[in-house]
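Basis for what follows: all heavy atoms, side chains included, without hydrogens, waters or symmetry-related copies. Here is how names work: the chains are called A, B, and so on, in the same order as the sequence lines, proteins then strands, and each is numbered from 1.
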Amino acid sequence: MRELGIDPYPPHLFPVNVTAEEIHKQYPADDTLFQDVSIAGRIMSRRIMGAASFAELQDATGRIQVYFKRDEICTGDDKSLYNVVFKKHMDLGDIIGVTGRVFVTKMGEISIHATGLKLLAKSLKPLPVVKEKEGKTWDAFTDPEQRYRQRYLDLIVNPHVKGVFEQRSQLMQIMRNFLSGKGYLEVETPVLQPLYGGASARPFKTYHNTLDTTLYLRIANELYLKRLIVGGFDGVFEFAKDFRNEGMSRFHNPEFTQMELYVAYKDYHWMMDLVEEMVETIALGIHGSTKVEVGQHTIDFQRPWKRFTMFEAIEHFTGIDISGMDETELRAAARQLNISTDASMGKGKLIDEIFGECCEDKLIQPTFITDYPLEMSPLAKKHREHEGLVERFEAICNGKEICNAFSELNDPIDQRERFMSQMELGKRGDDEAMVLDEDFLRALEYGMPPTAGLGIGIDRLAMIMTNSPSIQDVLFFPQMRPEKRQNDEDSEQEE
RNA sequence: GAUUCCGUAGCUCAGCUGGUAGAGCAACGGCCUUUUAAGCCGUGGGUCCUGGGUUCGAAUCCCAGCGGGAUCACCA
């Protein structure tokens, strides 16, 4: 092509003045429009019939057909632009710029009658060709490994994939507007932390050369946001990438996004109202309805959501009232429900286990589960009425937790004791136990107002809102094993 | 981490109980001035994931490894 004097990667801008979507929306309702268009995109299909051809052009908004006629794009005697450049040297996947006018073909398809054609970027690799007609699809690009590893290809070839990510972006935008609109401040806190905290998980560990110190990638930002509440902000939130060095599944990626929110002078009842309102707003914003199709179910986010205490939920699904049981009785109840237990499990763990086995996956419609065992929640405030419980709730939806929240523990003495018992667990070999954060305790000692806190899994919520069965479908680049072991010897030598 | 299924052309797949590879689309060469999964004629294209083993002979059987999916465990 270079021999023909054509730069396959020209440097100049191409003056686009219209998108495929705009044309489809406004034409032919007003057929005086679009008589001098300039549009750019990728060639997705081509049908050549001698001196005339049709091609489908895909831009960021969609596809539009382009009609090329030899004598229209080559007005002089030199027909090589059509005969040689277009027919021989252009391929599916090439990015081109087209000028022309919009018209409707005999077959009734809105198309662009091209008067000019320019190659903007050559594609050297063949594109998977997906064809569709009447709902049937040929040669779909479906291999999950290739779709995730080469997301760019997936996005080119599978248009609905873009829609999923647009909805994810919309979700975050709505949430951000919702929270900002209430006057809360969006903040940023450290990803690299000398101590990891705010959740029970194994961290990624790294090292800072100049400081000569170990740092951890955050597993949560909770403790930093609460420091900001101590500092006098009434409401702070952060969309936080968190990192947990744990197993992967269709619900878990090593890095994931959580939105955490802390609001002073509120409690967990207040926070439930906020979550309902916020998620309902998101559903309405994305789908125009509180009802969302998810797999086999229709989930309705209309307020108010059902609220159960954990004990009520267990009684509802198993018929067993465990609220007054001691550890031995709980163990017997678990055995009766075919739940395996081991000696290390305390009362709280047993309750949590029973709930997880018998209730969680049955909760399809959004439901708040409240009042968790104290042992499982070292950062939550003790329940105002019930011994052994904390003021905590989770929202369960489609059988999965979508958020976790509590009245935050602001008693520094109680907090220190909770950390101490976590460290006991750590000594007994629980590698997910929390570590004591002396600076956080110091902050609490200055006094933190009563505060309600929330963590909401953005990826999980996006899965529900976009009807995606796997977290990999709502992450552009889900974590995969490295494709090739390159320079194997080099890396071994570095070790 | 455990179990299980899968890995053949650029894409989607076929290849039965072992005889060293096939289709459609894409590509390449032709014909065709409003087609739409365009069509018609012709051509090329594969370390059958990798490495071992069994065998006269392996894409096929066996073992190990790599990669992926699903389920489970841990967790959000």
Side-chain angles (χ1 to χ4, degrees), chain A residues 43-56 63-73 82 87-89 91-93 103-113 123-150 153-154 157-158 198-202 219-220 240 242-260 340 352-353 356 360 376 394-396 400-404 430-432 455-463 469-472 478 480-485 488:
Chain A
I43 304 174
M44 298 306 289
S45 71
R46 218 160 51 132
R47 297 176 282 278
I48 297 177
M49 299 154 297
S53 304
F54 288 91
E56 264 188 300
R63 293 188 183 189
I64 188 149
Q65 180 167 269
V66 182
Y67 173 61
F68 295 101
K69 193 171 168 182
R70 176 163 54 203
D71 296 335
E72 296 256 1
I73 63 170
Y82 182 85
K87 284 174 76 172
K88 291 212 193 326
H89 290 292
D91 296 308
L92 296 188
F103 75 115
V104 179
T105 65
K106 277 184 191 166
M107 302 302 288
E109 176 143 350
I110 298 168
S111 306
I112 296 170
H113 193 127
S123 165
L124 298 178
K125 292 217 178 268
L127 218 53
V129 179
V130 182
K131 295 188 174 178
E132 282 181 35
K133 192 191 184 183
E134 288 158 10
K136 283 186 276 184
T137 304
W138 283 261
D139 302 335
F141 181 64
T142 53
D143 178 15
E145 179 173 0
Q146 289 195 73
R147 287 187 48 220
Y148 301 144
R149 284 195 197 279
Q150 295 182 254
L153 252 193
D154 191 30
V157 153
N158 294 326
S200 299
R202 293 208 311 270
I219 58 172
D242 292 338
F243 306 84
R244 298 189 185 173
N245 207 340
E246 290 170 343
M248 291 162 61
S249 76
R250 75 191 175 92
F251 294 101
H252 300 88
N253 195 65
E255 59 182 288
F256 65 103
T257 305
Q258 230 186 154
M259 197 289 296
E260 291 200 33
S340 57
D352 194 57
E353 203 65 24
E360 196 164 7
M376 316 298 300
E394 293 188 357
I396 314 283
K400 279 281 165 186
E401 172 190 342
I402 57 170
C403 78
N404 181 16
D430 182 347
D431 52 6
E432 291 181 354
I456 182 159
I458 297 296
D459 311 288
R460 295 277 176 87
L461 191 59
M463 286 168 67
S470 167
I471 196 169
Q472 297 173 107
M480 305 281 274
R481 280 204 165 75
E483 206 165 348
K484 282 177 206 151
R485 289 197 289 162
D488 227 7

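Pairing for B:rG10 is with B:rC25, a Watson-Crick or G-U wobble pair whose two hydrogen-bonding atom distances lie under 3.5 Å. Across all strands shown, B:rG1 forms a Watson-Crick or G-U wobble pair with B:rC72, both key distances being under 3.5 Å. Base pairing annotation: B:rA37 forms no Watson-Crick or G-U wobble pair, as no partner gives both donor-acceptor distances under 3.5 Å.
Within the structure, a side-chain polar atom (N or O) of A:Gln146 is placed less than 4.0 Å from OP1 or OP2 of B:rC11. Between A:Ser53 and B:rU33 there is no side-chain N or O to OP1 or OP2 distance below 4.0 Å. Side-chain N/O atoms of A:Arg481 include one lying less than 4.0 angstrom from OP1 or OP2 on B:rG67.
Spacing between B:rU50 and B:rA58 at atom P, rounded to whole Å, works out to 15 Å. Of the C1' atoms belonging to B:rU60 and B:rG19, the separation is 11 Å, rounded to the nearest Å. Taking the C1' atom of each, B:rG57 and B:rG18 are spaced 8 Å apart, rounded to whole Å.
Along RNA chain B, the nucleotide closest to A:Asp91 and the one closest to A:Lys69 are compared, and the more 5′ of them pairs with A:Asp91.
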For nucleotides 38-44 of chain B, tabulate all protein N/O to nucleotide N/O atom pairs closer than 3.5 Å, reporting atom names and distance.
unit_1: B:rA38; atom_1: OP1; unit_2: A:Lys131; atom_2: NZ; d: 3.0
unit_1: B:rA38; atom_1: OP2; unit_2: A:Arg47; atom_2: NH1; d: 2.7
unit_1: B:rA38; atom_1: N6; unit_2: A:Ile48; atom_2: O; d: 2.4

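The ring-ring contact (aromatic ring centres under 6.0 Å, His included) check on A:Tyr82 picks up A:Phe86, with sequence neighbours excluded.
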**Prompt:** Would A:Asp139 and A:Val130 satisfy side chain to side chain contact (heavy atoms under 4.5 Å, CB included), going step by step from the backbone distance to the final call?
**Reply:** CA-CA 5 Å; A:Asp139 302 335; A:Val130 182; 5.9 Å; no
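A stacked arrangement is not assigned to A:Phe251 and the six-membered base ring of B:rA76, the conditions of a centre distance below 5.5 Å and an interplanar angle below 30° not being jointly met.
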